[in-house]
2 protein chains.
Amino acid sequence: MSAVASRPAGLETRRAILDAALELFSERSFDGASTRAIAELAGVTQPLLNYHFAGKEELWRAAVDDLFERYRTSMELRLSGLRGVDDVTVAKLMVRHFVEFSAANPQLQRIIAQESKRAGGRLEWLVETHVRPVYENAVAMFERLAARGELARVAPEHLYYLLIGAGATVFMMAPECQRLTGVDPFAREFVAAHADLVVDLLIRATTKESA
Amino acid sequence: MSAVASRPAGLETRRAILDAALELFSERSFDGASTRAIAELAGVTQPLLNYHFAGKEELWRAAVDDLFERYRTSMELRLSGLRGVDDVTVAKLMVRHFVEFSAANPQLQRIIAQESKRAGGRLEWLVETHVRPVYENAVAMFERLAARGELARVAPEHLYYLLIGAGATVFMMAPECQRLTGVDPFAREFVAAHADLVVDLLIRATTKESA
DNA sequence: CATTTGTCTGATCGAACGATAAGATTGGTT
DNA sequence: AACCAATCTTATCGTTCGATCAGACAAATG
């Protein structure tokens, strides 16, 4: 049953389903995305989802796994070969990469925001499996910055959600931004300007004046 | 049919339904909140929703209307009697009130975030009916601050979503924050500290150094 | 060529969905 | 007391949901 995917055709279909699932889960929420709509977007029939995945919930988890895996690898790639570089520069790169990834993959914040509103099995899994490592990484970054006097000594809970919110909200809400302001937040210059702003805000702004 | 509510009992029931609808729509999304669940939370039977409201979509609109009405009146109350006060103080009060309202009513950002992910009728209505006035008010505030040199000359689209995201995300995602960090973001001290941080970030941080 | 195994489809299940119709009940009016 | 309109419930409609099953199809293996 649960599909180990040994033949090439199976892998391609699996990928098409994962992409479609991520798209619809992220913009319509778990309940709003029907398995039939996902199947249609993937170009397959609905029962095929249950062949490749054990059920709707497991399909959701597989899609989220895939997305976070992309986030992790892209961040590692960005930070590879920076052994000797100072903490401030690395931190700025991390923040910038988070903003740019959020622009290139608004599904990430959309899914996190969706599930974070309500306690339950999916939130529990999401936090313990994927969010906590990201959070702890961020906290470590905050501490390195604070130790060098480049960041006000504020509780990490505040800084984390400040960073997440400031950096990703406009991309998560891109359709609203488009309609409200007429500006396409995914435009190259917008993303760059927003990343600059967030980096400045987090790292330069709370420096020196505070603490 | 459409219930003009002349007898007192009707108004109380209507309010109970609106409260239940707001709660479930905000945390489960439009599709995830069933009319039966809303009715149960309100302590009435499911068909009664169709007596007081024309349908699920109109119930959603009525609940959102109610919420934004509360936001508007509370903001006006907060800013009443401030005719002579300088722009910077007023702006700080506005930002602080937005953060505190987002803490007291996380449903606001939850519903906005939910609908802003996808273009469609509900987003269109939400933007034109409620979000745009708030946005234009914020833009006017940005311009007054910039004119006094208290804010970097950044495009308002960036500042608006920066403010929204930084100020409301942690409350919107309160269940995640609780599980991830063990901290209750609704605690009085947390809300106050977060408001301070956002006010400082927006108004003091981008001052002088930039531009 | 025959067999097997991985992949996919058509048909259909029971449950939950939003909505409606018909009638019971309640409270104000005369 | 009689009436009537507002409020609410019970029963049920047709649709869509996620899931299952039996079988078709295709590709690798012998």
Side-chain angles (χ1 to χ4, degrees), chain A residues 1-64 114-115 118 120-122 125, chain B residues 1-25 27-64 114-115 118 120-122:
Chain A
M1 26 190 77
S2 63
V4 219
S6 56
R7 285 204 274 214
L11 285 176
E12 290 174 23
T13 314
R14 200 183 145 92
R15 167 118 311 273
I17 293 174
L18 280 177
D19 289 343
L22 188 63
E23 191 62 28
L24 295 190
F25 278 139
S26 68
E27 79 172 19
R28 302 186 187 186
S29 88
F30 183 84
D31 295 302
S34 75
T35 55
R36 280 173 175 82
I38 294 172
E40 190 185 8
L41 183 60
V44 299
T45 55
Q46 184 256 349
L48 194 61
L49 305 202
N50 275 73
Y51 171 75
H52 285 283
F53 305 92
K56 191 182 184 182
E57 185 115 358
E58 185 169 305
L59 170 59
W60 179 85
R61 280 206 293 263
V64 174
Q114 171 60 37
E115 299 301 330
R118 188 184 179 200
R122 288 199 301 274
W125 176 87
Chain B
M1 26 196 78
S2 61
V4 219
S6 55
R7 285 203 276 211
L11 285 177
E12 290 174 22
T13 314
R14 201 183 145 91
R15 167 116 313 270
I17 294 175
L18 280 176
D19 289 343
L22 188 63
E23 190 62 28
L24 294 190
F25 277 140
E27 78 172 19
R28 302 186 186 184
S29 90
F30 183 83
D31 295 301
S34 75
T35 56
R36 281 173 175 82
I38 294 173
E40 190 184 8
L41 183 60
V44 298
T45 55
Q46 183 257 349
L48 193 62
L49 305 201
N50 275 74
Y51 171 75
H52 285 282
F53 306 93
K56 191 182 183 182
E57 184 115 358
E58 185 170 304
L59 171 57
W60 179 85
R61 280 207 292 264
V64 174
Q114 172 60 39
E115 299 301 329
R118 187 185 180 198
R122 287 198 301 274

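Proteins come first, then strands; the chains are lettered A, B, ... in the order of their sequence lines, and each starts at number 1. Remember, it's a predicted structure, so these values are computed and weren't measured experimentally.
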Atom [atom1] in [X], atom [atom2] in [Y]: separation rounded to 0.5 Å?
X: I17(A); Y: Y51(A); atom1: CD1; atom2: OH; answer: 10.5 Å
X: F25(A); Y: K56(A); atom1: CZ; atom2: NZ; answer: 5.5 Å
X: R14(A); Y: L59(A); atom1: CZ; atom2: CG; answer: 9.0 Å

Between atom [atom1] in [X] and atom [atom2] in [N], what is the gap in whole Å?
X: N50(B); N: dA6(D); atom1: CG; atom2: P; answer: 18 Å
X: R28(B); N: dC17(C); atom1: CZ; atom2: P; answer: 10 Å
X: E12(B); N: dT26(C); atom1: CD; atom2: C1'; answer: 14 Å
X: K56(A); N: dT16(D); atom1: NZ; atom2: P; answer: 15 Å
X: L11(B); N: dT26(C); atom1: CG; atom2: P; answer: 20 Å

Looking at residues 32-48 of chain B, who's got a heavy atom less than 4.0 Å off DNA chain C?
A33(B), S34(B), T35(B), R36(B), Q46(B), P47(B)
Would you say dC8(C) has OP1 or OP2 under 4.0 Å from some side-chain N or O of Y51(A)?
no
May I ask you to verify if any side-chain N or O of H52(B) is less than 4.0 angstrom from the OP1 or OP2 atom of dA6(D)?
no
Does any non-hydrogen side-chain atom of E115(A) lie less than 4.5 Å from one of W125(A)?
no
Does the side chain of R61(A) reach to within under 4.5 Å of the side chain of F53(A), using non-hydrogen atoms?
no
Does atom CD (E40(A)) have a neighbourhood of more than 12 heavy atoms from anything else shown, all under 6.0 Å?
no
